[in-house]
Amino acid sequence: MKIEDKKVVAFHYTLTSDEGVTLDSSRERGEPMMYLHGANNIIPGLEKAMAGRAAGESFQVTVPPEEAYGVRKEANVQRLTLKKLGVKPNQLKPGMVLNLQTTQGPAQVTVLKVGRFSVDVDANHPLSGHNLNFDVEVVEVRDATDDETGHGHAHGPGGHQHD
Ligand code: ZN
């Protein structure tokens, strides 16, 4: 069975940066990742590379930022006043991730620099601007259930868990 729209796919992957640093690995977590093909569950470049593959196949693909988490935008680096955030300088450290409410909804930002009265934050996705190098092994391909196609995601271990 080949990967196409309305198939649920379980796969193992290791994601490395161009510098050879492992960023994420399903193998380390144990469970393969599961997704519904054709439903934008995974980044576009990886989904494209999955099409037509079958269980047991292994492959490598390099996904450019445009087909992954986007290019970095300098406009997403912003200076916020600590007063407005309601925090003190000693509560923040570079590298910390904050969840903020913005005019465009909730956003995750990374703290770059902390001053006495302000903090510089980066709202770019941490993986924006990076090539993503995937080492993929397709574990299972099956037909999606009506529930899964209706919901737009895979159910079960490694997929979406409902309460
Ligand atoms: Zn569901």
Side-chain angles (χ1 to χ4, degrees), residues 1-18 20-73 75-78 80 85-87 95-111 121-163:
M1 188 180 284
K2 291 214 183 305
I3 298 175
E4 57 186 358
D5 287 0
K6 298 187 178 173
K7 299 292 182 200
V8 167
V9 182
F11 68 103
H12 271 301
Y13 68 96
T14 300
L15 170 59
T16 50
S17 69
D18 280 350
V21 178
T22 301
L23 302 171
D24 192 13
S25 171
S26 65
R27 293 175 176 97
E28 278 171 22
R29 286 195 298 271
E31 286 275 9
M33 161 121 178
M34 202 184 264
Y35 81 100
L36 173 63
H37 194 81
N40 293 316
N41 291 172
I42 59 175
I43 58 167
L46 183 57
E47 187 166 51
K48 213 159 72 183
M50 285 286 197
R53 310 266 182 186
E57 260 186 78
S58 293
F59 66 95
Q60 292 179 321
V61 62
T62 295
V63 180
E66 295 78 12
E67 294 183 354
Y69 293 100
V71 294
R72 272 186 61 82
K73 294 191 189 89
N76 285 344
V77 175
Q78 287 171 20
L80 308 171
L85 286 175
V87 295
M96 268 175 79
V97 175
L98 306 176
N99 290 296
L100 299 181
Q101 281 299 329
T102 71
T103 47
Q104 285 138 46
Q108 277 202 342
V109 303
T110 308
V111 174
V121 298
D122 187 351
N124 288 296
H125 189 283
L127 292 177
S128 68
H130 287 274
N131 283 330
L132 303 183
N133 303 290
F134 286 97
D135 195 325
V136 175
E137 180 197 348
V138 181
V139 177
E140 189 194 348
V141 183
R142 64 165 169 85
D143 289 318
T145 64
D146 289 344
D147 264 359
E148 287 172 323
T149 49
H151 289 190
H153 53 230
H155 290 160
H160 199 88
Q161 312 284 348
H162 289 284
D163 292 329

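Whatever order the structure lists them in is the order used to number ligands and atoms, beginning at 1. When reading the values below, keep in mind they use all heavy atoms of this one structure, side chains included, and skip hydrogens, waters and symmetry mates.
Rounded to 10°, the angle that ND1 of His151 and NE2 of His153 form at the Zn ion (ligand 1) is 120°.
Atom NE2 is the N/O/S atom of His162 found closest to the Zn ion (ligand 1).
Taking every heavy atom of both residues into account, Val136 and Arg27 meet most closely at C-NH2, 4.4 Å. Taking all atoms of both residues into account, the shortest heavy-atom contact from Ile43 to Ala68 is CD1-CB, 3.9 Å.
Remark: Tyr13 pairs with Asp24, Arg29 by the side-chain hydrogen bond (donor to acceptor under 3.5 Å, both in side chains) rule, at least two apart or across chains.
Remark: the backbone N or O of Leu127 is paired with a side-chain donor or acceptor of His125 at under 3.5 angstrom.
Taking backbone and side chain together, His160 holds no N, O or S atom under 2.8 Å from the Zn ion (ligand 1).
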